[in-house]
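Just below is one structure, and these are the notes that go with it.
Residue numbers start at 1 and run along the sequence shown.
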Amino acid sequence: MPPSTSFSPASPSPAAPPSRGTPSCITHPRAPRSHRSPFLTIPSSARAPHPLACTSGGCPPHLSTLLPPKGGSCAPHLPSRPAVLMGEAPVAELDAVLDGGGWEVGSSFEGPPEPTSPICLGKNICYVVLAVLFNEEDRVLLVQEAKPECRGKWYLPAGRMEPGESIVAAMRREVKEETGLECEPLTLLALEERGPAWIRFAFLARPTGGTLKTLAEADAESLQAAWCAGDPRALPLRAPDILPLLDLAARFRRCPAHPPTLPQELPCARLCLRLLLACTGAAGDLWVLLGTAGPPRLPLVACGASPAELRGGLRVPVLRLLRSCLSPAPPPGPMGLLGLQHRAGGAGGADGVCFNVVLSIAPGSPGAEPPAPRSAAFRWWHVEEQGLRGRILQRLRAAVPVRS
């Protein structure tokens, strides 16, 4: 820790083993002030630059100045617009997905496996939420663990979602239980997964009220919470996996790498991915892969439940689709998250999530077109409208990272 950093925690309770270190902290953080249609209405030609986009004049103001008023909706409002086709392409769906919105999933998926039983928390899926919060002095919020296997060690507020919870509600609950503070989500920082059976949603959030938990209030959720003023690596951490997230959060606050991205409340029975799969040519051409079973749309792939697929991660259904529909099947680039859809307690208790992801492939040779689809169920759409083309290319570089 830097020499100027001091430690002055309350003493652990007699039942707790002594901690090797505690961040300096403040006790009282200051608190800053069934029809649905997810389509967007602003034409691309009329869009102003995103308020969080970096400009030549520097980075934008702090995220807290760009939030909705207290009590307002966390997710962007997506007013109604009928689907419009441009050269038989789903432009309205692309608009919604590119802007972090959602689109009805439906029941048609590209390729195996066919949808079977719904995804249910506590039965065949585990969702974990985690939050990174800073106060006005740029200190990060940490909690001291109460669990026997890691008692006395420090970590970010995190925990498992419960059946019937939305993703954001679970994050707020965990922060409140472990730290005593209320919070407001700003954006997803990262999507982390160890195969489809374990997925963690990492948020950047801000405190909005409450009182910091002290050792006198220790319970089974945590011993205490504190604002860390120094380097967290000087503390006994429960696990070092939070360090990359802290770095990601600090960089996002300095200059956001992607627009604010929050879950959309739309039902989904399966764990699936909506693919914005782009192919860019050396001459600046851009193509997007479309599914043609019914009206043209972005392809949907479902995650399988076999042991191999559960171990393989979210890229497995993407690779399976590429191998089955393109010849030859080029390796895709990294996956980025544009947005996600989830509604707790869907039909049959379903807790599925649809991840809207963007990734790219390269033509087989310079100047070539994309590899030809093997069946009429897919086709490439050549994107010629410059506004839409620019937005797709920008989102290939500016999306929430997906970490496996």
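- A salt bridge links E145 and R238; the closest N-O separation between the charged side-chain nitrogens and carboxylate oxygens is under 4.0 Å.
- In this pair, F252 and H258 present their aromatic rings tilted. The plane angle is within the 30 to 60° band.
- Between atom CZ of residue R397 and atom OG of residue S360 there is a gap of 11.0 Å, rounded to the nearest 0.5 Å.
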Test salt bridge (charged side-chain N to carboxylate O under 4.0 Å, His left out) on R297 and E110; report intermediate values, then the result. CA-CA 11 Å; R297 60 181 175 82; E110 270 67 46; 2.9 Å; yes
Tell me, with the steps shown, if M335 and L273 meet side-chain contact (heavy atoms from CB on, under 4.5 Å). CA-CA 11 Å; M335 257 190 334; L273 297 92; 3.8 Å; yes
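- The structure places CG of L141 at 6.5 Å from CG of L212, a figure rounded to the nearest 0.5 Å.
- In plain terms, the two heavy atoms of W227 and R139 that are nearest each other are CE3-O, 3.1 Å.
- Side chains of Q144 and R151: no donor on one and acceptor on the other come within 3.5 Å.
- Residues that satisfy the side chain to side chain contact (heavy atoms under 4.5 Å, CB included) test with E384, not counting sequence neighbours, are H382.
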Does D241 form a salt bridge (charged side-chain N to carboxylate O under 4.0 Å, His left out) with R200? I'd like the steps, not just the answer. CA-CA 12 Å; D241 63 333; R200 185 162 74 176; 3.0 Å; yes
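- In terms of modelled atom types and a separation under 3.5 Å, the side chain of D231 and the main chain of A234 share no donor-acceptor contact.
- Around CZ of R315, the count of heavy atoms belonging to other residues, nucleotides or ligands within 6.0 Å exceeds 12.
- Formation of a donor-acceptor pair under 3.5 Å by the W198 side chain with backbone atoms of E192 is not found in this model.
- A donor-acceptor pair under 3.5 Å is formed between the side chain of N135 and the backbone N or O of E137.
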- request: Show your reasoning for whether salt bridge (charged side-chain N to carboxylate O under 4.0 Å, His left out) applies to R172 and E184.
  value: CA-CA 7 Å; R172 285 174 167 153; E184 186 77 16; 3.1 Å; yes
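- In this structure, CG in L290 is found 11.5 Å from CG in L275, a value given to the nearest 0.5 Å.
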Discussion item. Applying salt bridge (charged side-chain N to carboxylate O under 4.0 Å, His left out) to R173 and E162, what does each step give before you reach the verdict?
Written reply: CA-CA 10 Å; R173 175 185 55 76; E162 297 177 355; 3.7 Å; yes
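- Checked against side chain to side chain contact (heavy atoms under 4.5 Å, CB included), C268 has the following partners two or more places apart in sequence or in another chain: V105, C272, C354.
- Between R395 and V358, the shortest heavy-atom contact is O-CG1, 3.7 Å.
- Considering T261, L262, L189, L186 in turn, L262 is the only one that fulfils the side chain to side chain contact (heavy atoms under 4.5 Å, CB included) rule with F203.
- Listed for the R343 side chain is a donor-acceptor partner under 3.5 Å among the backbone atoms of E265.
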